[in-house]
Amino acid sequence: MESKYVIVFSALIFSLFNLGETATTGNWKLLKKSIGISAMHTQLLPNDRVIMFDRTDFGQSKITLPKERCRKLADGRIDCSAHSVELNLVNRNVRPLTVLTDTWCSSGALAPDGMLIQSGGSNDGERAVRTFRPCASCDWKEDQKGLVVPRWYASNQILPNGKFIVVGGRGQFNYEFIPKSASKLDFKVFALPFLKETRDAVENNLYPFTHLSPDGNLFIFANTKSILFDYKNNRVVRNDYPVMPGGVSRNYPSTGSSVLLPLKLGSSKSTIGAPEAEVLICGGAPPNSYISAIKGTFLPAANSCGRLMITAKQPKWEMEQMPIERVMGDMILLPSGDVLIINGAKKGTAGWYLAREPVLNPVLYQPKLHKFEIMEPSKIPRMYHSTAVLITDGRVLVAGSNPNKNYNFTEQFPTELSVEVFSPPYLSSGPRPQISWAIPETQLSYKQPISIGFTSKKKADLGNVYVTMVAPSFNTHSFSMNQRMMVLGINQVRQVSRKSYVIDCFAPAIPNIAPPGYYLLFVVHNGIPSLGRWIHIS
Ligand SMILES: *[C@@H]1O[C@H](CO)[C@@H](O)[C@H](O)[C@H]1NC(C)=O
């Protein structure tokens with residue numbers, strides 16, 4: 001009798017322990033049934049509001065503009081529906097915004113002062129530069145001639161000087177800088193033959209993957225090839241990166257995705273300014289997948305990923321295999337340093353009506369362990385024109401999907417107006433560390449010592465405490481422009497009372513490592529991040 005009781009009791013304890021300690025495979029929550037538009041482009045702002053927009057020539061959306069803000073279309077009709085909204089993450093309010101010119105397949109980035117600067121698109125928007133200042137009543141401002149040449153499917157990257165390089169676009173084998181200043185150089189278009197060289201019959205090199213290397217040069221990947229590029233002197237610095245193996249195209253329309261893996265910053269004089277940089281590219285489709293899909297045959301997407309140490313003397317692709325093949329997957333850097341691969345399909349490519357078999361399960365990739373893990377599925381397919389971004393609380397916001405020519409709610413893959421959030425397993429694997437204070441509080445300068453106080457309900461293993469900084473990225477077409485994460489160099493972690501700890505660490509050393517602007521700061525303990533805290537570096 002007694003021993004049976006003991007067994008039952010210990011089983012109970014064991015299952016309680018499991019409840020608190022065992023990581024799940026994440027979970028989903030519907031945040032908003034409809035925001036009125038389909039989020040083709042998404043950006044989190046430092047005021048915890050998310051700006052989303054689709055395109056202006058889609059027809060009527062499901063959210064109306066105040067009367068005085070209706071737009072007159074090229075054909076004379078009046079459109080009083082909004083094609084951009086602001087979602088307030090605190091109270092879930094949706095505010096309609098006014099984009100005037102066509103934002104279809106455009107690009108963007110967050111400026112050092114927190115302003116969203118967004119460029120290009122189609123039709124009357126092909127040369128537009130639009131700005132959105134984070135404030136409760138602000139709206140879009142547009143300069144219809146903000147770009148020198150039209151840019152449709154280009155990529156934007158913030159630079160160490162706080163300006164942006166805009167790379168490529170359909171038929172544009174060149175780049176330019178925005179926003180324009182009085183400088184003559186700003187009105188110049190610089191040739192980039194690499195974009196012509198990597199183009200194939202269906203232009204499998206649009207929305208090129210761009211990552212700022214810690215040496216200040218720009219890593220550019222297009223289709224299967226990559227270069228390291230000195231944009232200041234219009235010079236290819238390295239062209240010895242091998243072709244990515246797999247026989248797969250990785251850029252639009254054979255859309256894969258790419259991230260710069262977390263930069264691990266040192267804390268000693270010799271290491272603080274020179275971290276290694278590694279790029280991870282996952283998924284994509286065979287080069288002929290687009291043509292084949294147009295003819296009605298949906299080819300299987302790629303299940304390969306590749307890792308390339310772009311700062312290595314002899315760089316080599318290290319290939320990995322995902323448990324699920326995927327085209328149009330988004331790759332999101334989580335504050336823990338892991339990568340979430342989410343959204344997309346198993347067959348076909350990007351483009352209207354060109355994909356089948358949505359992949360409902362995200363996959364979590366742990367770069368340190370080279371390990372993939374399949375997560376809980378969503379119920380909502382997120383196909384072409386869907387988006388995903390990390391939000392302040394460490395969850396991932398997922399929105400959009402519209403593989404149709406216009407708003408269509410009866411198609412096989414209907415236009416999706418909903419917003420979901422995915423909670424990675426770290427949010428159900430134990431108590432979160434809580435940041436209690438930071439010195440400096442919000443404004444950092446380069447190389448500056450930072451002290452952070454945090455509390456944890458669980459005894460902290462001092463060797464397993466990290467501080468990470470994540471840049472809020474601009475997500476569209478499965479690429480998060482300017483996505484960037486630094487693991488700060490730690491001097492020491494000490495316990496100051498039973499549940500509180502102090503971390504002494506260093507801000508990134510130079511703007512090549514962390515371009516000026518806003519970042520989310522997280523304390524990560526045993527793989528579990530705190531809530532993000534907005535900080536600014538300049
Ligand atoms: C939506 O898609 C269905 C199925 O293809 C089609 O019959 C219908 O005409 C479409 N509706 C609109 C408004 O385009």
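Nothing here was measured: the structure is a model prediction, and the numbers come from that model. Each ligand, and each atom within it, is numbered from 1 in the order the structure gives.
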Considering distance alone, does some N or O of Y407 sit under 3.5 Å from an N or O of ligand 1?
-> no
Per-atom contact, atom 9 (O) of ligand 1, protein heavy atoms, under 4.0 angstrom = no
I'd like to know if [X] and [Y] make a salt bridge, using a cut-off of under 4.0 Å between side-chain N and carboxylate O.
X	Y	result
K180	D143	no
K346	E325	no
D186	K163	yes

May I ask you to list the atoms of ligand 1 that are less than 4.0 angstrom from any heavy atom of T410?
-> 1 (C), 2 (O), 3 (C)
At under 4.0 Å between heavy atoms, which part of N404 makes contact with ligand 1: side chain, backbone, both or neither?
-> neither
Do S254 and N204 get their side chains close enough for a donor-acceptor pair, meaning under 3.5 Å?
-> yes
Is the F219 ring parallel, tilted or perpendicular to the Y241 ring (thresholds 30°, 60°)?
-> perpendicular
for atom 1 (C) of ligand 1, nearest protein heavy atom and its distance come out as N408 ND2, 1.5 Å
Tell me which protein heavy atom sits closest to atom 5 (O) of ligand 1, plus the residue, atom name and distance to 0.1 Å.
-> E411 OE2, 2.7 Å
